[in-house]
Amino acid sequence: MRKTFCAAILAAALPCYAVDAAPAVDPRTHPGEVRVLDMDTQALTEVVPDTVYMRHWFGTNLSVALFRIEPGNPDAARPAMHSHGTEVGVQLAGGGTMVDEFGRSYVLRSGDVMLIKSGVKHSGDFGDSQNVILSVVTPPRPEYQAEDGAPYFPGSGSPAAAPAPSLEGDQGAPVRVLFNLNDVTKELTEIVPGQLYFKHWHGDDVTVSVTRMVRTAGGHFPGKVNVHGEEVALAVKGSLDMIIEGKPHHVAKGQVLIIPPQVPHTGACLDDECLLVSWFTPNRVAEWGPEGNATPDLRFLDRK
């Protein structure tokens with residue numbers, strides 16, 4: 001929205017000019033709020049009777065959703081072709097097949113972490129076992145109501161939202177399976193000998209990283225206060241104590257932490273080993289370099 005200002009007393013001498021109005025804040029979001037989310041698969045709302053259950057939350061510039069899909073009614077569980085912003089999804093349990101708008105299919109195993117390009121229409125089938133899926137989308141999914149409102153699932157045969165144009169040309173893989181939680185530790189680069197292992201991947205507007213922290217005789221690696229864009233972190237193994245903007249927050253195994261953009265924070269692994277999967281928006285190419293870079297600028301390390 002643009003507003004035109006023209007002072008009558010100066011109109012004869014000065015031209016009118018236009019100023020961009022500040023964008024409206026999405027009333028569903030929680031700007032500046034630190035959130036620790038419980039991934040309780042039994043505390044979900046039924047969306048498709050006896051088949052699909054879900055719950056969703058909002059951060060500052062993203063939405064987080066947890067789905068549980070029960071076997072036995074594949075037609076009802078199959079979502080319509082739908083599209084939204086960039087999605088990072090984690091197949092926490094079960095498996096199935098994703099299909100994109102180009103007719104390509106992607107077999108998903110339990111533990112797979114996938115990156116779906118913004119605007120790509122997709123659907124899929126969930127196999128014959130219970131599925132649990134964690135989904136992070138930026139910007140927030142427009143179909144989702146406020147957190148206390150009705151949940152949403154793109155039912156079969158009806159559009160999920162206003163259709164997005166098909167992507168054309170060489171714009172990168174529409175869907176990438178980045179790694180699997182069950183064996184990703186084999187792919188990590190040793191950053192601090194015996195203590196810290198790390199790897200990252202980039203999307204157009206997100207970066208995904210995996211950090212493994214190991215306690216040695218000297219303890220865990222020393223950390224320091226860090227500041228960056230919005231982060232969503234899943235504690236896959238171990239638990240952490242975080243200090244975020246001077247306030248303590250505990251993150252247990254299986255919980256999801258949302259850190260708002262540009263909020264100072266630091267943290268410590270409380271167990272012999274912690275494994276953390278993080279999503280960042282905007283992406284961190286400028287700091288960490290391209291995928292495969294073995295010497296990323298990890299600013300949470302105290303190298304003094």
Side-chain angles (χ1 to χ4, degrees), residues 59-62 85-90 106 111-120 136-139 167 169-214 216 220-237 240 242 244 256-269 273-304:
T60 301
N61 300 306
L62 49 80
T86 302
E87 177 178 8
V88 178
V90 182
Y106 309 84
D112 276 349
V113 175
M114 73 198 92
L115 176 63
I116 304 173
K117 201 174 182 70
S118 176
V120 171
V136 181
V137 176
T138 184
L167 298 179
D170 184 11
Q171 302 184 46
V175 179
R176 295 174 61 196
V177 178
L178 304 180
F179 56 88
N180 187 283
L181 294 176
N182 298 313
D183 53 23
V184 69
T185 57
K186 301 174 185 177
E187 303 180 35
L188 306 184
T189 298
E190 187 177 54
I191 303 295
V192 178
Q195 292 184 305
L196 181 68
Y197 304 81
F198 180 85
K199 188 173 180 179
H200 66 277
W201 298 259
H202 297 304
D204 293 338
D205 51 359
V206 302
T207 289
V208 181
S209 72
V210 177
T211 306
R212 179 182 177 226
M213 295 155 271
V214 178
T216 64
H220 281 288
F221 68 89
K224 65 179 181 180
V225 173
N226 196 15
V227 178
H228 46 65
E230 188 163 17
E231 178 180 359
V232 178
L234 167 66
V236 178
K237 186 173 184 178
L240 301 98
M242 303 292 298
I244 306 175
V256 167
L257 170 69
I258 302 179
I259 303 176
Q262 306 308 312
V263 170
H265 61 279
T266 187
C269 174
E273 181 180 353
C274 288
L275 188 68
L276 201 66
V277 177
S278 295
W279 301 251
F280 301 89
T281 184
N283 69 33
R284 305 187 71 172
V285 176
E287 295 171 64
W288 293 351
E291 294 181 13
N293 179 22
T295 56
D297 180 12
L298 300 181
R299 298 178 182 175
F300 58 83
L301 284 178
D302 187 352
R303 298 185 181 274
K304 295 179 180 180

Side-chain touch [X]/[Y], heavy atoms, less than 4.5 angstrom:
| X | Y | result |
| --- | --- | --- |
| Pro264 | Val227 | yes |
| Asn226 | His265 | yes |
| Glu87 | Val136 | no |
| Leu62 | Val206 | no |
| Thr185 | Tyr197 | no |
| Trp201 | Leu115 | no |
| Trp279 | Val256 | no |

Could you tell me which non-hydrogen atom of [X] sits nearest to which non-hydrogen atom of [Y], and how far apart they are?
| X | Y | answer |
| --- | --- | --- |
| Cys274 | Leu240 | SG-CG, 4.3 Å |
| Gly229 | Pro282 | CA-CD, 4.2 Å |
| Pro139 | Gly85 | CD-CA, 4.1 Å |
| Gly203 | Asn283 | O-ND2, 3.2 Å |
| Thr216 | Gly194 | CG2-O, 3.4 Å |
| Met242 | Gly267 | SD-CA, 3.6 Å |

Residues forming a side-chain contact (heavy atoms from CB on, under 4.5 Å) with [X], sequence neighbours excluded:
| X | value |
| --- | --- |
| Thr189 | Ile191, Ala294 |
| Val177 | Leu108, Asp112 |
| Asn182 | Asn180 |

[X] side chain vs [Y] backbone, donor-acceptor pair below 3.5 Å:
| X | Y | result |
| --- | --- | --- |
| His200 | Val285 | no |
| Gln262 | His228 | yes |
| Asn293 | Trp288 | yes |

* To do: Report the distance from atom OG1 of Thr86 to atom CG of Asp204, rounding to the nearest 0.5 Å.
  => 6.0 Å
* To do: Would you give the length of the straight line joining atom CG of Leu234 to atom CG of Leu276, rounded to the nearest 0.5 angstrom?
  => 7.5 Å
* To do: Assess the side chains of Asn61 and Thr281: does a donor N or O sit below 3.5 Å from an acceptor N or O?
  => no
* To do: Show your reasoning for whether side-chain contact (heavy atoms from CB on, under 4.5 Å) applies to Ile116 and Tyr106.
  => CA-CA 11 Å; Ile116 304 173; Tyr106 309 84; over 6 Å; no
Filter on salt bridge (Lys or Arg N to Asp or Glu O under 4.0 Å), then keep only pairs touching [range], sequence neighbours left out; what's left?
| range | result |
| --- | --- |
| residues 225-237 | Lys237-Glu273 |
| residues 274-287 | Arg284-Glu287, Glu287-Arg299 |
| residues 178-192 | Glu187-Lys199 |

